[in-house]
Amino acid sequence: MIKKRAIIEGLYTEGSMDRVREALSKVNNAVSVTVSREEAFIEGDTSDEDIVKAVEEAGFNINMLQEI
């Protein structure tokens, strides 16, 4: 299973983390999503474009996205 780490600007509150967690959970093929301060981990066969789009639609920007 593919695991990706996203560094996300502006995740300082529980509310912001919840918004990003909810958005990433809806990404096609996302099996597991974990969000903490300024980062998220996404497991599944997800596209980078879908991850970036979901985070941007939640109102945030990704500074870095990498497969781990």
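Quick caveat: nothing in here was measured; it's all calculated off a predicted structure.
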Rounding to 0.5 Å, atoms CD (E67) and NZ (K3) come to a distance of 12.0 Å
Taking the side chain as every heavy atom from C-beta outward, state whether V27 and I42 have any pair of such atoms under 4.5 Å apart.
no
When every non-hydrogen atom of A6 is compared with those of L65, the smallest separation belongs to CB-CD1, 3.8 Å
Residue pair R21 / V35: nearest heavy atoms and the distance that separates them:
NH2-O, 3.2 Å
Give me the atom names and distance for the closest heavy-atom approach of N61 to E56.
OD1-CG, 4.3 Å
Nearest heavy-atom contact between R37 and M17 is N-SD, 3.7 Å
Do K53 and D50 sit within salt-bridge range, that is, some charged N less than 4.0 Å from a carboxylate O?
no
Are E49 and V52 packed together at the side-chain level, in the sense that at least one heavy-atom pair is separated by less than 4.5 angstrom?
no
For S36 and L11, the nearest pair of non-hydrogen atoms, with its separation, is O-CD1, 3.8 Å
How many angstroms lie between atom CZ of R5 and atom OG1 of T34, to the nearest 0.5 angstrom?
13.0 Å
Shared ILVMFWY cluster between I62 and F60, side chains joined below 4.5 angstrom?
yes
Which atoms form the tightest heavy-atom contact between A58 and A23, and what is the distance?
CB-CB, 4.0 Å
Do K4 and D48 come close enough that some side-chain heavy atom pair is under 4.5 Å?
yes
Below 4.5 Å, heavy atoms only, C-beta onward: do E39 and I7 meet side chain to side chain?
yes
If you define the side chain from C-beta out and look only at heavy atoms, does anything of L24 sit under 4.5 Å from I51?
yes
Point-to-point distance, once rounded to the nearest 0.5 Å, from OG1 of T46 to CG of N29
7.5 Å
